[in-house]
Amino acid sequence: MPRKSSANDSRMPVLQNISSLVDFLRRHSPFDQIDHADLAYLVENSRLVFFPEGDEILGPSDGRAEHLYIVTRGRVRGERPGREGEISVTFLLTPGEAFPIGALLQERATNSTHRAASDTFCLEIGREVFTELLQRSPPFQDFCQRGAGSLLEHLSHRTQISAAAQLGAQNLLYAPLREIMRRTPVSCPPQTAVRDAIRQMHANKVGSIVICDDAQQPLGIFTLHDLLALLAQPDVDLDAPIDSLMTPAPICLPADAPGFEAAITMTKHRIGHICLSDGGRLVGVVSERDLFALQRVDLVHLTRMIGRADSIEQLTATRPQIGRLIDAMLAHGADVALITHIITLLNDHTVGRAIELCLDRYGTPPVAFSWLAFGSEARREQTLSTDQDNGMLFYPPAGMSNDQARAELLPLARHINEALARCGFPLCQGNIMASNPELCLSEAEWRWRFNTIINRTTPENLLRSSIYFDFRTVWGPAETPLTVYRDAVSMASGNPAFQHQMAANALRRRPPIGFIRDFVLQRDERNQETMDLKLEGLTPLVDGVRLLALAYNRSETATLQRLDGLVDAGAINRRDAEVWKSAFTLIQLLRMRNHRQQAEQNLPLSNRFDPDTLHDIDRRSLKEAFRQARRFQRRLELKYQL
């Protein structure tokens, strides 16, 4: 039933200018997606009401919600009873935000008391108009049904469009590969003479020819890169069949796969061409130039430069080009998960080449080893600003003790850490590096280390749990480290006391969102009213998701993959996972943009950030992302009774 007016109901109707209100709504999501006629219908069938500071607008005692409110000026805070009868403020709504959508959809009372946090104006829309707008406007319906997930997706998309507009590019990385390929593929049978294959490439002005069987299934590929290597040989037989010189079993992707899959595949395998197949038959070839037509740095060329560097100085010279690569990928519509994945792949190649150069210079030790990454590199979530978090797992030969093996490896580890520092990866201030004897361990010692972390809940071990449970092999044998890690995850999943301590530790950092101002900023001489997007924004999500992954025995390492794994395990629902993935992605995007702006101004890269530099859309997106991170933490509080 409609809410009844009472003597203390101070809602005051205000004369409204329909045109100005439509313009106002156009500046806020999701109303910027709604057709003009539908938006005008909403405004024409609403009334503008005023609430003095401190007045209750809507509460659980009012019964079934009958109105939608859209804040046009001022602020509205959400209140719920806390512990021992105290009132807990759970959210703060600012201009452009609407409430109580969930209660209207479910035809129930709101769970929170909505109170004016300052003198506030709201548009008040009745249930009938709200229901009619749901039927008329698909964007409004999507927003109401999916809530924060829809909002964050839209804001993220707008940010990508903005980046593309600034750099004049198209959204290629999400287009199907069949739309990116430029021409019909050039192919030949395996018995074709090399000279004839080269003539075909020249006549068609292509950089590759695919060798196919009678059913047009790819058997191999021959590229200009292969031709240059061929011509460098002293005796070249151009009459030899092409299948004797081709690269066999070329990497293929489905023609309908998105462009970003080709980008990741090219970077991972250091190749410049991907064959496209449909039912096993060759239908096209996509080159790096097709994929990054407007790019100023060729992705695969950069990968090859890293792999061919003859010195640490040459390796270091490749690093600035990654910044330009980030700009190009943003312009082509790549999301943050893709960009950080490729940055990490390039960093992996750099680490691997630095290790090889150090082995060439200082000699190969008599002990085989795997080079391990921890933290953001292990999660494949690196940006331009990253230090070293690494270790070694070694395999001592028969008759050699662990201490002897460690003594052989530590000098090399120091050289590698120093080489990486010269390449732009600063030495870790906490000494989380392979040159630290405590992180240069055998398989048995790593198992003991994880066992100690899990079963002895000291502050130091809790800190280690937030580092070592992001664990991945970057160079060397990967099977043994993966087995060690999976066994450690299994052990952690069976230890509730350890999980409870991890939860308490994960909840120490809170998203910097306040109830008086949008954001809680540090105000001291050094930080000058800024926030740390990594420690205060990303870390609450990263730490919390890692904990749940361990609790449900999931061995994924990347945050977004862990969320998908938690859905598969039944720990969270898909809708919540997508919201938290979007929140994580948006914070990471703003962090990356911040780094790019600092690099352009020749400033030191820092995660500190002033939110007052954001325009309204980005500011709201960041606020919503922090709000969702806080909601995730509340889930941990309930699960672990903290």
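Index from 1, following the sequence.
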Validation row: Pro481, Leu372 side chains within 4.5 angstrom (heavy atoms): yes

Residue pair Ile343 / Glu381, side-chain heavy-atom distance below 4.5 Å: no

Side-chain H-bond candidate by donor/acceptor type, Asn417 with Gln388, under 3.5 Å: yes

Other residues, nucleotides, ligands: >12 heavy atoms within 6.0 Å of Arg574 CZ: yes

Modelled atom types, side-chain donor and acceptor of Ser465 and Arg546, under 3.5 Å: no

Ile453 backbone acceptor or donor facing Arg464 side chain under 3.5 Å: no

Test side chain to side chain contact (heavy atoms under 4.5 Å, CB included) applied to Val286 and Leu276, step by step: CA-CA 7 Å; Val286 168; Leu276 308 184; 3.6 Å; yes

Check: Arg281 side chain, Ala215 main-chain N or O, donor-acceptor pair, under 3.5 Å: yes

Short side-chain donor-acceptor distance under 3.5 Å, Asn347 and Arg319: yes

Electrostatic pair Glu443:Arg447 at N-O distance under 4.0 angstrom: yes

Any donor-acceptor N/O pair, Ser244 side chain to Ala240 backbone, under 3.5 Å: no

Close side-chain approach of Ile587 and Thr585, heavy atoms under 4.5 Å: no

Close side-chain approach of Cys275 to Leu282, heavy-atom, < 4.5 Å: yes

Under 3.5 Å: donor-acceptor pair, side chain of Arg449, backbone of Glu438: yes

Sidechain-backbone polar pair: Thr192 side chain, Cys188 backbone, donor-acceptor under 3.5 Å: no

Trace of the side chain to side chain contact (heavy atoms under 4.5 Å, CB included) decision for Leu586 with Phe584: CA-CA 6 Å; Leu586 272 166; Phe584 175 87; over 6 Å; no

Qualifying residues under salt bridge (Lys or Arg N to Asp or Glu O under 4.0 Å), relative to Arg199, sequence neighbours excluded: Asp196

Heavy atoms of other groups near Arg361 CZ, more than 12 under 6.0 Å: no

Contact check, side chains of Arg554 and Asp568, non-hydrogen atoms, under 4.5 Å: yes

Arg472 side chain to Ala378 backbone, donor-acceptor under 3.5 Å: yes

Note, Asp387 side chain near Phe425 side chain (heavy atom, < 4.5 Å): no

Donor on one side chain, acceptor on other, Ser370 and Tyr395, under 3.5 Å: yes

Separation of Leu566 CG from Ile572 CD1 (nearest 0.5 Å): 5.0 Å

Distance flag, aromatic centroids of Tyr468 and Tyr485, threshold under 6.0 Å: no

Beyond-backbone contact of Leu409 with Phe369, side-chain heavy atoms, under 4.5 angstrom: yes

Check: Ala434 main-chain N/O paired with Asn390 side-chain donor or acceptor under 3.5 Å: yes

Criterion side chain to side chain contact (heavy atoms under 4.5 Å, CB included) on Met433 and Leu427, from CA distance to verdict: CA-CA 8 Å; Met433 294 184 292; Leu427 297 173; 3.7 Å; yes

Heavy-atom closest pair, residues Pro190 and Pro241: O-CB, 3.8 Å

Derivation of the side chain to side chain contact (heavy atoms under 4.5 Å, CB included) call for Met266 and Thr303: CA-CA 9 Å; Met266 288 178 180; Thr303 306; over 6 Å; no

Arg562 with Asp470: basic N within carboxylate O range, under 4.0 Å: yes

Heavy-atom pair of closest approach, residues Thr265 and Ile271: O-CG1, 4.3 Å

Flag, side chain of Thr344 to backbone of Thr340, donor-acceptor distance under 3.5 Å: yes

SB check Arg379 Glu556 (cutoff 4.0 Å): no

Which atom of Met392 lies closest to which atom of Ile416, heavy atoms considered: CE-CD1, 4.5 Å

Contact check, side chains of Asp487 and Phe450, non-hydrogen atoms, under 4.5 Å: no

Sidechain-backbone polar pair: Asn204 side chain, Gln200 backbone, donor-acceptor under 3.5 Å: yes

Side-chain (Asp213) to main-chain (Gln216) donor-acceptor, under 3.5 angstrom: yes

Closest non-hydrogen atom pair, Met181 against Val283: CE-O, 3.5 Å

Closest approach of Thr559 to Val545 (non-hydrogen atoms, all atoms of both residues): O-CG1, 3.8 Å

Nearest non-hydrogen partners of Leu315 and Leu357, listed with the distance: CD2-CD1, 4.4 Å

Heavy atoms from other residues, nucleotides or ligands near CD of Gln191 exceed 12 (cutoff 6.0 Å): yes

Short N-O contact, Asp278 and Arg178, less than 4.0 angstrom: yes

